[in-house]
> 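Handing you a structure now.
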Amino acid sequence: MKNPPSSPLLTWREVLAQHKSLRGIAKNSLLADEGESGYRNVFLPDGRIVYVGEGLEGHQQPTGGNAVLLEALQTRRPLRVFLREGVNRWRDLGLYRVEGVEYRREAAEGRYVYWFTLAPVESGGKFSTG
């Protein structure tokens, strides 16, 4: 994952002050990592993120964080994304919009999972970092 150079590292305390939740998906932001949390987010070369919905067991439901992302898709409301880069090391990736969702059966897990595609909000031809 490439990080914008103008985006400084943040502590968990700084992220929590903005994110306001211990859960991965909050009202106006979400937390991403590269698998440390058990979620298999995919970072695409074009800057988009394929973000796994909330819930590690059983079929994921359109409630909680998944409802927040589904609503953001309908209203086109952007969400701030924070990327975990290590213990107490986070990076603000800027604003992203949910541009699509797929609800599909994961055969290996025997359950249905939401896959949200997030696209960076562009600003002046560059990806927004804040």
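Only this structure's heavy atoms are used, side chains among them; waters, hydrogens and symmetry mates stay out.
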> Evaluate L118 against L30 for side chain to side chain contact (heavy atoms under 4.5 Å, CB included), listing each step before the verdict.
CA-CA 11 Å; L118 311 173; L30 55 92; 4.1 Å; yes
> Run the numbers on H19 and L31 for side chain to side chain contact (heavy atoms under 4.5 Å, CB included), then give the verdict.
CA-CA 8 Å; H19 185 64; L31 308 176; 3.6 Å; yes
> Answer yes when R77 and E71 have at least one side-chain N-carboxylate O distance shorter than 4.0 Å, and no when they do not.
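E71 and R77: salt-bridged.
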> Show your reasoning for whether salt bridge (charged side-chain N to carboxylate O under 4.0 Å, His left out) applies to R23 and E54.
CA-CA 9 Å; R23 302 184 71 86; E54 186 176 82; 3.5 Å; yes
> If hydrophobic clusters are built by linking Ile, Leu, Val, Met, Phe, Trp and Tyr wherever their side-chain heavy atoms come under 4.5 Å apart, do V113 and L56 end up in the same one?
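Yes, it is one cluster - the side chains of V113 and L56 are joined through contacts under 4.5 Å.
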> Please say whether more than 12 non-hydrogen atoms of neighbouring residues, nucleotides or ligands are located less than 6.0 Å from CZ in R76.
no
> Does some side-chain heavy atom of F116 sit less than 4.5 Å from a side-chain heavy atom of V52?
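No, their side chains stay 4.5 Å or more apart.
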> A side-chain contact here means heavy atoms from C-beta on lying under 4.5 Å apart; do Y39 and E34 qualify?
no
> Minimum heavy-atom separation for V121 and P78, please, with both atom names.
CG2-CB, 4.0 Å
> Report, as yes or no, whether the 6.0 Å neighbourhood of atom OH on Y112 holds more than 12 heavy atoms from other residues, nucleotides or ligands.
no
> Looking at every non-hydrogen atom in both residues, tell me the closest pair between A26 and S21 and how far apart they are.
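Closest pair (atom of A26, atom of S21, distance): CB-CB, 3.9 Å.
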> Inspect the contact between E99 and R97 and indicate whether a charged nitrogen and a carboxylate oxygen are less than 4.0 angstrom apart.
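E99 and R97: not salt-bridged.
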> If we ignore angles and hydrogens, is there a donor and acceptor under 3.5 Å between the side chains of N88 and R13?
no
> Provide the closest heavy-atom pair for N41 versus A32 in the form atom of the first, atom of the second, distance.
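N41 and A32 have their closest heavy atoms at ND2-CA, 4.2 Å.
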> Please name the pair of heavy atoms, one in V98 and one in L79, separated by the smallest distance, quoted to 0.1 Å.
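The answer is CG2-CD1, 4.4 Å.
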> With a 4.5 Å limit on heavy-atom distance, are the side chains of R89 and R84 in contact?
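No; the side chains remain at least 4.5 Å from each other.
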> Quick one: does any side-chain atom of R111 pair with a main-chain N or O of G58 as donor and acceptor, under 3.5 Å?
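Flag set: sc R111 to bb G58 pair under 3.5 Å.
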> Please report the shortest heavy-atom distance between A67 and P62, naming the atom on each side.
CB-O, 3.6 Å
> With side chains defined as the heavy atoms from C-beta onward, is the minimum distance between L16 and L22 less than 4.5 Å?
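When only atoms from C-beta onward are counted, L22 and L16 do touch, with a gap below 4.5 Å.
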> Is there a continuous path of hydrophobic side-chain contacts, each under 4.5 Å between heavy atoms, that joins Y51 to L73?
yes
> Go through the steps to decide whether T11 and W90 satisfy the test side chain to side chain contact (heavy atoms under 4.5 Å, CB included), and finish with yes or no.
CA-CA 6 Å; T11 65; W90 294 82; over 6 Å; no
> Can you hop from V101 to I25 via hydrophobic side chains spaced under 4.5 Å?
yes
> Are L70 and V50 joined in one hydrophobic group, where the rule is that I, L, V, M, F, W and Y side chains link up if heavy atoms are under 4.5 Å apart?
no
> With side-chain contact (heavy atoms from CB on, under 4.5 Å) as the test, pick out the partner of I49 among L83, V42, L93.
L93
> Name the residue from E106, E102, Q60 that meets the side-chain hydrogen bond (donor to acceptor under 3.5 Å, both in side chains) definition with W115.
E106
> Could you check E85 against L9 for side chain to side chain contact (heavy atoms under 4.5 Å, CB included), going step by step and ending with a plain yes or no?
CA-CA 9 Å; E85 293 189 346; L9 284 175; 3.2 Å; yes
> List the atom of S29, the atom of F82, and the distance in Å for their closest heavy-atom pair.
CB-CE1, 4.0 Å
> Are there more than 12 heavy atoms of other residues, nucleotides or ligands under 6.0 Å from atom CD of E57?
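No, because the 6.0 Å sphere around CD of E57 holds 12 heavy atoms or fewer from other groups.
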